[in-house]
Amino acid sequence: MTSPPDSAIPLLHDIYLASVALEPNRWKSGEKRRPSLRLDEFSAAAAGAGFTGWELWEDHLYLHPGDELASLKQTALPVRVFNTYTIPGVSPPDRMDAVAEAVNALAATLRGVKFNLGSAKDAAADVGAQIEAALHWAERLPPHVRLLCECHPGTVIEEPAAAARAFAAWPRERFGAIVHTFGQPPARLGEWFDALGERIEHLHVQARNDQRQWTPLAGMEPTLRAVLADLRGRSFRGTAALEFVYGIGQPGESPETLFTQARADLAVLRKSGW
């Protein structure tokens, strides 16, 4: 998504907070995976810090007991992106049904649903069937909600050329791409834009350096400036979500400590012109 560049204004009007960034149980399994926070406990503070919406990790809706859906529909920070790991053409129908139901329930504030395609390690993966299934899935979602496919390492579209083939089959009026800004070789982001161009609508910002080590964004200012210049040069005018922050997976992590880091990272991004 592009428009003429203007260095006098911030690059991004909207930076969302990914709720998975605050969740210590994000990578656990079974009962240990149950979310440890309610988003409405952080919504007002997140809005006050300058975030403009939530990118909602699906388990914060599905696994939290009580009336989480009603709370999310009234939260001080609107849910803008629904983040699911359901895979069209791979996940069972009941999972696809659950996501469609959630997206329709949140449609009043929702702008997009993030999804992935299947694992690159699956030798039996039918990429064409997954691409076709995503098209049919789109028919079940509100027409204003965009389907945002994450070009994620380890998936069948982890390479720009493979992603370009998928997006050639998906109509631009419904489908957009998500790419990662950091934690990859410096030229990699340019390769994604060369392959997908304005189909890239959303960025996932992870606080990783080029060695893929977690770090506060305050320690990455040269990289922030370089990526910012690249994005401005390409006239990018999409959205972004702060997906992961320094401190995840560390002893003593908590939603409160992770939120403190997320707020600091957002301040660094805005100070840098993002």
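Position 1 is the first residue of the sequence, and the numbers go up from there.
Scanning for ring-ring contact (aromatic ring centres under 6.0 Å, His included) contacts around His180 gives His152, His204, with sequence neighbours left out. For Arg263, there are no side chain to side chain donor-acceptor pair (under 3.5 Å) partners, not counting sequence neighbours. The ring-ring contact (aromatic ring centres under 6.0 Å, His included) test applied to Trp170 returns Phe115, Phe167, Phe175, not counting sequence neighbours. Not counting sequence neighbours, the partners of Glu58 by the side chain to side chain donor-acceptor pair (under 3.5 Å) test are Thr84, Arg95.
Contact annotation: the side chain of Val99 approaches that of Tyr62 to within less than 4.5 Å [non-hydrogen atoms, C-beta and beyond]. A heavy-atom distance below 4.5 Å is not found between the side chains of Asp122 and Val156. Contact annotation: the side chain of Phe42 never approaches that of Leu17 to less than 4.5 Å [non-hydrogen atoms, C-beta and beyond]. You'll find the side chain of Trp192 reaches within 4.5 Å of the side chain of Gln184, heavy atoms only. Looking at Asp194 and Pro160, their side chains never come closer than 4.5 Å, going by heavy atoms from C-beta outward. Side-chain contact between Thr223 and Asn209 is absent, with no heavy-atom pair separated by less than 4.5 Å. Put simply, the side chain of Val103 does not reach to within 4.5 Å of the side chain of Trp137, judged on heavy atoms. Contact annotation: the side chain of Tyr16 never approaches that of Leu242 to less than 4.5 Å [non-hydrogen atoms, C-beta and beyond].
Not a single donor-acceptor pair under 3.5 Å links the side chain of Thr155 to the backbone N or O of Cys151. His202 places no side-chain N or O within 3.5 Å of a backbone atom of Cys149 that could act as its donor or acceptor partner.
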- [ ] In sequence, state the C-alpha distance, the side-chain angles, and the governing distance for Phe236 and Leu12, and then conclude on side-chain contact (heavy atoms from CB on, under 4.5 Å).
- [x] CA-CA 9 Å; Phe236 179 78; Leu12 300 167; 3.6 Å; yes

Open item on the list: Please evaluate residues Arg270 and Ile15 with respect to the criterion side-chain contact (heavy atoms from CB on, under 4.5 Å), reporting the C-alpha separation (whole Å), side-chain torsions for both, the decisive distance (0.1 Å), and the verdict.
Closed with: CA-CA 10 Å; Arg270 288 308 195 194; Ile15 299 180; 3.6 Å; yes

Open item on the list: side-chain contact (heavy atoms from CB on, under 4.5 Å), that's the test. Do Leu203 and Val179 meet it? Break it down for me.
Closed with: CA-CA 5 Å; Leu203 308 174; Val179 299; 3.8 Å; yes

TODO: Under the side-chain contact (heavy atoms from CB on, under 4.5 Å) rule, what do Leu56 and Leu106 come out as? Steps first, then yes or no, please.
DONE: CA-CA 11 Å; Leu56 173 66; Leu106 294 166; 3.9 Å; yes

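Considering CD of Glu191 and CG of Leu196, their distance stands at 11.5 Å, rounded to 0.5 Å. Atoms CD and OG, on Glu243 and Ser19 in that order, are 10.5 Å from each other to the nearest 0.5 Å. Leu266 CG to Lys271 NZ: the interatomic distance, rounded to the nearest 0.5 Å, is 13.5 Å.
Using a 4.0 Å cut-off between a side-chain N of Lys or Arg and a carboxylate O of Asp or Glu, Lys114 and Glu55 do not qualify as a salt bridge. A salt bridge links Arg140 to Asp97: at least one charged side-chain nitrogen sits closer than 4.0 Å to a carboxylate oxygen. Between Asp14 and Arg80 there is no salt bridge, since none of the side-chain N atoms of the basic residue sits less than 4.0 Å from a carboxylate O of the acidic one.
Applying the 6.0 Å contact sphere to CZ of Phe259 captures more than 12 heavy atoms from other residues, nucleotides or ligands. In Glu41, the CD atom is crowded: over 12 heavy atoms of neighbouring residues, nucleotides or ligands sit closer than 6.0 Å.
Nearest approach of Glu253 to Leu258, heavy atoms of both residues: OE1-CD1, 3.5 Å. Taking each heavy atom of Ala21 and Ile248 in turn, the nearest pair found is O-CG2, 4.2 Å. Between Trp274 and Leu224, the shortest heavy-atom distance links the atoms NE1-O, 3.5 Å. Heavy-atom minimum distance, Asn25 versus Trp57: O-CH2, 4.5 Å. Summarising the geometry of Glu23 relative to Pro35, their closest heavy-atom pair is OE1-CA, 3.3 Å, with the distance given to 0.1 Å. Nearest heavy-atom pair, Leu11 versus Arg232, reported as atom, atom and distance to 0.1 Å: N-NH2, 3.5 Å.
The side-chain tip of Arg208 points at the ring of Trp214 from less than 6.0 angstrom away and within 45° of straight on.
Using modelled atom types, one finds no donor on one side chain facing an acceptor on the other under 3.5 Å when comparing Asp126 with Gln130. Side-chain contact of Glu201 with Thr239: a donor-acceptor pair under 3.5 Å is absent, judged by distance alone.
The hydrophobic cluster containing Leu269 also contains Val227, counting ILVMFWY residues as joined when their side-chain heavy atoms lie under 4.5 angstrom apart, directly or transitively. Linking Ile, Leu, Val, Met, Phe, Trp and Tyr residues whenever their side-chain heavy atoms come within less than 4.5 Å places Leu141 and Ile131 in a single cluster. In this structure, Phe82 is a member of the same hydrophobic cluster as Leu22, with clusters built from ILVMFWY side-chain heavy atoms closer than 4.5 Å. No path of Ile, Leu, Val, Met, Phe, Trp and Tyr side chains, each step under 4.5 Å between heavy atoms, connects Ile178 with Phe51, placing them in separate hydrophobic clusters. Taking hydrophobic clusters as Ile, Leu, Val, Met, Phe, Trp and Tyr residues chained together by side-chain heavy-atom distances below 4.5 Å, Val205 shares a cluster with Leu189.
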Side-chain polar contacts of residues 71-79 - donor-acceptor pairs under 3.5 angstrom, sequence neighbours left out - could you list them?
unit_1 : atom_1 : unit_2 : atom_2 : d
Ser71  : OG     : Asp40  : OD2    : 2.7
Thr75  : OG1    : Ser43  : OG     : 2.3
Thr75  : OG1    : Leu77  : N      : 3.4

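For Trp27 and Phe244, the ring centers are positioned less than 6.0 Å apart.
Sorted by first then second residue, the salt bridge (Lys or Arg N to Asp or Glu O under 4.0 Å) pairs that include residues 152-176, not counting sequence neighbours, are Glu159-Arg188, Arg172-Glu198.
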